[in-house]
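Below is one structure; the comments refer to it alone.
Positions are given from 1 along the sequence.
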Amino acid sequence: MAARPLLSVYSLSGSKDGEVPLPAVMTAPLRPDLVQFVHTNMNKNNRQAYAVSITAGKNVSASSWGTGRAVARIPRVGGGGTSRSGQGAFGNMCRGGRMFAPTKTWRKWHRKINSTQKRYAVASAIAATAVPSLVMARGHRIDDVPEVPLVLDNAVESATKTAAAKDILNAVGAYSDVKKSADSKKIRAGKGKARNRRYVMRRGPLVIYSNNDGIDRAFRNLPGVELCCVDRLNLLQLAPGGHMGRFCIWSQAAIEALDTIYGEGGKAIPNAAMTNADLARIINSDEVQSVVNPAKRIGKTYLRKKNAINSLKAMEKLDPYKAAARKAETRAQESRAENKAAILAAKRAKKVNARQYKAQGKAFYEQASKQGDVCEDGFTIE
């Protein structure tokens, strides 16, 4: 919603030339969800029907071989003498076959849209053009524009030359948005570049007039600039891509015509569901807080139950004797860990002694073996 009840009218030289009252439709509620929904459905109504050829993948004589030949029952190309004969045909799994569920031209291409929704969406899109933050969020360059919405004198409708239109836009600081569109021109990605839509470009200002006294010829050749009569406002132009906030340049006659098109005697201006959308302010107001229940105190927090198998403190509460035994075992483990070096030294000393005794035994056995056999000279009993 525009903050000012009056709009300034600027001359073609950029100086302020008068004032007009803000149209009531520019106070309509902003409904980006509705604008997006209506735009999506409206944009489907200019599609051309397309489909694959009804004979695609079926331009061959083929029939199934039936059962009993240990092959699939898919239709097969007849004849012989070529690699094509005997190959599967027609099926979507076959080379050279048709696609699955071939597309038809009698698809549901167009969409019906509720007239009330369309009017609501257009009114909401018009209101969004009066919010500078939304206009800037769409990417328009309006840093040098003196006021949004921008209203020009009716003389702009009589401009017939592109050079004059360029001078007008320069005077009111709107040409930077045109230059932004011109600089954004690039080759389209995809096959569309070969289908007569080779280039893509960002959207520039939308010039809205009441009487076409040559303004169409003046502005139509500027890159990104579009024109529209105030009697035929189009949501596809007011909110390209379903995004509200198109930068609009109005003639004085066009901005004044909005009060006859919308309002009493014209199209109804939608009402907001809430006159004050500041929910925090509503909830914290004295009127609401005086009747609501007092805030509930935070309940008592309980400690998390601990597992007695893992927690010694929990085990002390359940079984003190088991806890004492576990503590004793823990102390014994710590004691063993501390005395580990002495225990290992004692064990190693025993092994050293054992090796020494074993060496002594081997030496004695070798000494005894050298004494010879007692029966070497015979055995006689005297």
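Residue D144 holds its CG atom at 10.0 Å from CG of N170, rounded to the nearest 0.5 Å. With rounding to the nearest 0.5 angstrom, the CH2 atom of W109 is 11.5 Å from the NZ atom of K44. Distance check: L34 CG to K118 NZ gives 12.0 Å after rounding to the nearest 0.5 Å. Interatomic distance, S53 OG to N59 CG, rounded to the nearest 0.5 Å: 7.0 Å. The OH atom of Y262 sits 12.0 Å away from the CG atom of D259 when rounded to the nearest 0.5 Å. Put simply, SG on C229 and CG on N234 are 12.0 Å apart, with the number rounded to the nearest 0.5 Å.
Other residues, nucleotides and ligands contribute more than 12 heavy atoms inside 6.0 Å of the CG atom of N45. Heavy atoms of other residues, nucleotides or ligands lying less than 6.0 angstrom from CZ of R47 number more than 12. The environment of CG in L318 is crowded: more than 12 heavy-atom neighbours from other residues, nucleotides or ligands sit within 6.0 Å. Under a cut-off of 6.0 angstrom, the local environment of NZ in K317 is sparse, with at most 12 non-hydrogen atoms contributed by other residues, nucleotides or ligands. E264 CD: 12 or fewer foreign heavy atoms inside a 6.0 Å radius. Open room surrounds CZ on R281; 12 or fewer heavy atoms of other groups in view lie less than 6.0 Å from it. When the shell of 6.0 Å around CZ of R141 is examined, it contains 12 or fewer heavy atoms from other residues, nucleotides or ligands. With a 6.0 Å radius and a threshold of 12 heavy atoms from other residues, nucleotides or ligands, I309 has its CD1 atom at or below the threshold.
Remark: side-chain polar atoms of H39 are paired, donor with acceptor, to backbone N or O of G241 under 3.5 angstrom. Without hydrogens or angle criteria, R355 side chain to K350 main chain gives no donor-acceptor distance under 3.5 Å. Put simply, the side chain of N284 gets close to the backbone of A280: a donor and an acceptor are under 3.5 Å apart. Panel note: side chain D319, backbone M315; no donor-acceptor pair is recorded below 3.5 Å. Formation of a donor-acceptor pair under 3.5 Å by the S335 side chain with backbone atoms of A332 is not found in this model. Although no hydrogens or angles enter the test, the distance criterion places a donor-acceptor pair under 3.5 Å between the side chain of T103 and the main chain of V52. Listed for the S85 side chain is a donor-acceptor partner under 3.5 Å among the backbone atoms of T82. Counting only distance, with no hydrogens or angles, the side chain of R188 and the backbone of R197 share a donor-acceptor pair below 3.5 Å. Judged by distance alone, the side chain of S184 and the main-chain N or O of R202 form a donor-acceptor pair under 3.5 Å.
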How far apart are the C-alpha atoms of L30 and L134, what are their side-chain angles, what is the distance that settles it, and do they pass the side-chain contact (heavy atoms from CB on, under 4.5 Å) test? CA-CA 11 Å; L30 304 181; L134 292 179; 3.7 Å; yes
Run the numbers on V131 and M244 for side-chain contact (heavy atoms from CB on, under 4.5 Å), then give the verdict. CA-CA 10 Å; V131 183; M244 301 188 303; over 6 Å; no
Step by step, work out the side-chain contact (heavy atoms from CB on, under 4.5 Å) result for V200 and K185. CA-CA 6 Å; V200 290; K185 185 177 180 180; over 6 Å; no
Could you check F219 against L169 for side-chain contact (heavy atoms from CB on, under 4.5 Å), going step by step and ending with a plain yes or no? CA-CA 10 Å; F219 284 88; L169 294 177; 4.0 Å; yes
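Stacking of K16 on the aromatic ring of Y10 is not recorded, the 6.0 Å distance cut-off and the 45° axial limit not both being met. With a 6.0 Å cutoff to the six-membered ring centre and a 45° limit on the axis angle, R31 counts as a cation-pi contact of Y120.
For D167, there are no side-chain contact (heavy atoms from CB on, under 4.5 Å) partners two or more places apart in sequence or in a different chain. Every residue two or more places apart in sequence or in another chain that forms a salt bridge (Lys or Arg N to Asp or Glu O under 4.0 Å) with E226 is listed here: R203, R246. A search for side-chain contact (heavy atoms from CB on, under 4.5 Å) contacts involving E256 returns V20, Q252, not counting sequence neighbours.
Between L227 and I208 the shortest side-chain heavy-atom distance does not fall below 4.5 Å. Counting heavy atoms from C-beta on, the side chains of P23 and I255 come closer than 4.5 Å. A heavy-atom distance below 4.5 Å is not found between the side chains of W250 and V9. When side chains are defined from C-beta on, F37 counts as touching Q117, because their heavy atoms get closer than 4.5 Å. Side-chain atoms of I54 and P102, non-hydrogen and from C-beta on, never get closer than 4.5 Å to each other. Residues R107 and Y50 have side chains in contact (heavy-atom distance under 4.5 Å, counting atoms from C-beta outward). With contacts defined as side-chain heavy-atom distances shorter than 4.5 Å, the pair L206/C228 qualifies. Between I168 and I249, every side-chain heavy-atom pair lies at or beyond the 4.5 Å cut-off.
The residue from K327, R326, K306, K322 that alone fulfils the salt bridge (Lys or Arg N to Asp or Glu O under 4.0 Å) condition with E316 is K327. Checked options N154, L152, D153; the residue passing with V156 is L152 (criterion: side-chain contact (heavy atoms from CB on, under 4.5 Å)).
Residues W65 and I74 do not share a hydrophobic cluster, defined by chaining ILVMFWY side chains whose heavy atoms lie under 4.5 Å apart. Under the 4.5 Å side-chain heavy-atom criterion for ILVMFWY residues, a single connected hydrophobic cluster contains both M42 and V35.
Using a 3.5 Å distance cut-off with no hydrogens or angles, the side chains of H140 and D177 do pair a donor with an acceptor. One side chain, S251 or E157, offers a donor N or O that lies under 3.5 Å from an acceptor on the other. Of the N and O atoms on the side chains of R84 and Q87, at least one donor lies less than 3.5 Å from an acceptor on the other residue.
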